[in-house]
Each structure stands twice: as C-alpha cells, then as structure tokens.
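By convention here, the first residue in the shown sequence is residue 1. Since the structure is predicted, the reported quantities are computational estimates derived from the model, not experimental observations.
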Amino acid sequence: MMFISVPGAPEAQQMPRTEVKRKMASGDLPPEALIWSEKQNEWKAPAAISSLITLPEAGQPAQVATTSTPYPGGKTKVQVAVARSTGTIPKLKANPQDQPSAKPVAKVKPTSPKPLPKVKATSPKPLPNPGAAAPSSPQVSGHTASPATQPTKLSNRAAEMVAEEAAQKKKGYAWIKYLCAFVTVIVLGLLGFNWFYVNAPLQEKIAESTHPEASIFGHLGGFFQSDALALHVWGAPDVNEHNFPEFLVSLSASTPHAQRWDQVSLTGGWLAEYSFTGKAWRRLSSGTYEGEGLRNFIIDNLRSPSGRKVMPANTSLDFERTEQLRESVWKGFVKSLTGS
C-alpha cells in the first residue's frame with residue numbers, strides 16, 4: 001500500500017501500488033502530488049519514483065517494450081517492461097545494454113513481504129506532514145511499526161513517565177504525613193491526660209462548693225509542666241468585688257493534688273495574668289484569714305506570671321499613696337477574673 005497527497009486535499013489517500021501505477025500511467029496524478037511508500041520511507045514526487053513508471057507527456061499514452069535474448073544452454077533472459085514518454089514504441093536491439101537511454105531496472109531482493117498495518121476504510125489514521133520527512137519506523141518484536149501507531153506509543157510512554165514521577169513525589173512526602181499523625185497523637189494524649197488528671201476532679205469539687213455556677217478549666221502548666229497548675233476562670237455569675245476573696249478560698253480548696261503545685265497561675269482568658277506560689281495557694285484554702293486580713297493576704301502574695309510580686313516590697317512612706325496603689329492592684333485583679 002502507498003499514500004498519495006494531492007494539494008488541496010484534506011488528508012492523504014491510501015491505495016494499492018497497482019492503482020498508483022495506473023494513475024501515473026494515465027496521467028491522473030498532477031506533477032505537484034507527493035507519494036509515500038514504506039520502501040522509500042519519505043515523500044517524493046511521482047517523477048522521482050523511477051522504479052514504478054515514468055510519467056508520459058501530456059496527451060501521449062505510455063508504451064511498453066519487451067525483449068528477450070537467448071542464454072547459453074537454451075535459457076531465455078526477459079527484460080522488464082520500460083515505459084517511454086515519447087508516445088512511440090522504440091526499436092529494440094538484441095542486447096539491452098546497447099540501449100543507452102534505457103535505465104537499468106532496480107534489483108529487488110527476494111525477501112518475504114512485511115506485514116502492513118490495518119487501516120480502517122472509513123477513518124484512516126493521520127499520516128506525517130507531507131512537507132517533512134517521515135520518521136523511520138521503529139522495530140518492535142521483529143516487525144516494523146507503522147507511522148500511524150508511533151504517536152500513540154509515544155503518548156502512552158509520556159503518560160507512564162508522568163505517573164511514575166508523581167508516585168516518586170508522593171513517596172518522598174510520605175514522612176510529612178507520618179509526622180503530622182505523630183504530633184496529633186501527642187496533642188490528643190496531652191489533652192486527654194489533663195482532662196482526667198486535673199480538670200475532671202476540679203469540676204466535681206467546684207460543683208460541690210459555694211460557687212457551683214463558676215466556669216473554670218484547669219490543666220498542667222503549659223499542658224505538660226507537672227509542678228505548675230493553670231486555672232482559667234471563664235465565668236462566675238454570682239461573684240463580685242465583695243465576695244471575691246471567699247471565691248478564691250473556695251477555688252483553692254477545690255484544686256486537685258494541691259501538694260504537687262509549686263506555682264498556680266490564674267487568668268480570665270488563655271494567657272496567664274497572675275500567679276501564686278504553691279505554699280501561698282495552700283494557705284489560702286486553710287481558712288486562717290478572714291475579712292480585711294484575707295484581702296491583704298491576697299494582695300501581698302499576688303504575683304505576675306513570671307513570679308515577681310505585683311505589690312512592691314518597699315513602698316512609699318506616704319500612707320495615702322500606698323493605699324491607692326493597693327486598691328488599684330486589687331481592682332485590676334478582680335476585674336481580670338470576673339470582668340466587673
């Protein structure tokens with residue numbers, strides 16, 4: 001089978017070699033047409049394919065001449081038909097070599113024909129661009145692959161390479177997934193431990209105290225400091241400035257594992273605002289102080305989150321100024337936990 005590309009046609013047309021010969025002999029092919037065959041493996045003009053037939057001049061049919069000469073021993077040598085474009089039958093001589101104008105016929109090796117690709121009659125596969133040389137047909141399992149199958153094989157291989165690259169990238173980032181899973185397990189473990197070790201017993205004791213409506217959340221300092229306790233007071237509707245000291249006494253008495261804490265932090269939000277030493281926090285729950293003495297004990301032992309006392313040890317000799325400072329510290333502390 002061969003392929004013919006005619007200028008103006010949308011695609012190349014496939015036809016048998018005999019049909020191509022017939023069209024070339026009858027002059028049905030224009031000189032600017034291109035022909036592709038598996039043997040030539042490139043697009044050529046009809047006049048360049050001398051192994052088929054030479055185009056006749058316009059209006060003159062091609063003539064065919066044959067001759068035969070005896071060989072020694074009675075054998076006969078037959079000359080292959082040669083087409084002339086002169087329109088007349090040339091005079092043949094006994095020896096074909098005496099004809100200078102005749103071109104020698106190309107020798108064809110007696111090899112088995114190569115299998116041709118199956119082409120659907122209704123929708124033939126697209127061929128290479130006639131303006132470019134056709135690529136060499138790769139050998140696959142001892143057979144020659146047709147040009148129409150090459151783009152499909154290349155596209156399949158490209159898709160496989162992209163899939164392999166994506167699999168390698170996914171495998172390379174797998175450690176991030178395991179790291180995130182490990183961190184998640186650690187965080188959930190800390191939250192669970194704090195809930196059952198600190199917050200659950202704290203909630204039980206608050207519910208039995210004189211301020212059962214108070215909303216308080218407790219956990220280890222930084223969620224993993226075993227010697228520090230953090231208390232978040234997120235709501236105490238029945239607590240005000242006047243009964244706030246009694247609320248602190250009730251809160252200290254409800255603190256679980258009181259002997260373990262070296263520092264107790266207090267806040268009305270997420271970040272610690274005030275703190276007590278563990279010793280002062282346990283003395284607060286002992287009931288030793290009442291009234292104004294309890295209020296003064298709280299002010300004198302109130303510290304910042306870093307552990308520094310809020311009320312300076314060395315105050316001014318001006319009694320009135322000292323009282324104003326103590327009152328300011330007390331109101332700020334009450335407001336941070338009750339919001340009033």
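Contact of the Glu327 side chain with the Gln324 side chain is not registered, since no non-hydrogen atoms from C-beta on lie closer than 4.5 Å. The shortest side-chain heavy-atom distance between Ile206 and Leu251 falls under the 4.5 Å cut-off. Looking at heavy atoms from C-beta onward, Val329 lies in side-chain contact with Leu302 at the 4.5 angstrom threshold. A 4.5 Å side-chain heavy-atom check between Phe244 and Trp330 finds at least one atom pair inside the cut-off. Side-chain atoms of Met2 and Ile35, non-hydrogen and from C-beta on, do get closer than 4.5 Å to each other. Between Gln263 and Gln225 there is no side-chain heavy-atom pair separated by less than 4.5 Å. Counting heavy atoms from C-beta on, the side chains of Arg282 and Ser252 never come closer than 4.5 Å. Side-chain atoms of Ser275 and Ser265, non-hydrogen and from C-beta on, do get closer than 4.5 Å to each other.
Identified under the ring-ring contact (aromatic ring centres under 6.0 Å, His included) test for residues 253-279, with sequence neighbours left out: Tyr197-His257, His232-Trp270, Trp234-Trp270, Tyr274-Phe333, Phe276-Trp281.
Listed by chain and number, the residues in a side chain to side chain donor-acceptor pair (under 3.5 Å) with Glu273 are Thr267 (sequence neighbours excluded). Under the salt bridge (Lys or Arg N to Asp or Glu O under 4.0 Å) criterion, Lys331 pairs with no residue at all, not counting sequence neighbours. With sequence neighbours left out, Thr277 forms a side chain to side chain donor-acceptor pair (under 3.5 Å) with no residue at all. Under the salt bridge (Lys or Arg N to Asp or Glu O under 4.0 Å) criterion, Asp300 pairs with Arg326, not counting sequence neighbours.
Ion pairing between Arg22 and Glu19 holds under the 4.0 Å rule for side-chain N and carboxylate O. Salt-bridge annotation for Glu323 and Arg321: absent, with no side-chain N of the basic residue lying under 4.0 Å from a carboxylate O of the acidic one.
Taking a 6.0 Å sphere around CD of Glu165, one finds it holds 12 or fewer heavy atoms contributed by other residues, nucleotides or ligands.
Taking every heavy atom of both residues into account, Asp238 and Asn243 meet most closely at O-ND2, 2.9 Å. In terms of heavy-atom proximity, Leu294 sits nearest to Pro245 at CD2-CB, 3.5 Å. Of all non-hydrogen atoms in Phe247 and Ile216, the two that sit nearest each other are CZ-CD1, 4.1 Å. Here the shortest heavy-atom pairing between Val198 and Pro256 reads O-CG, 3.5 Å. Of all heavy-atom pairs between Pro7 and Ala33, the closest is CD-CA, 4.3 Å. Residues Asn194 and Leu220 approach most closely at OD1-N, 2.7 Å, considering heavy atoms.
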Acceptor/donor pairs from residues 175-187 side chains to any protein atom, 3.5 angstrom cut, sequence neighbours excluded:
{"residue": "Trp175", "atom": "NE1", "partner": "Gly172", "partner atom": "O", "Å": "3.3"}
{"residue": "Thr184", "atom": "OG1", "partner": "Cys180", "partner atom": "O", "Å": "2.8"}

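For Phe217 and His219, the ring centers are positioned less than 6.0 Å apart.
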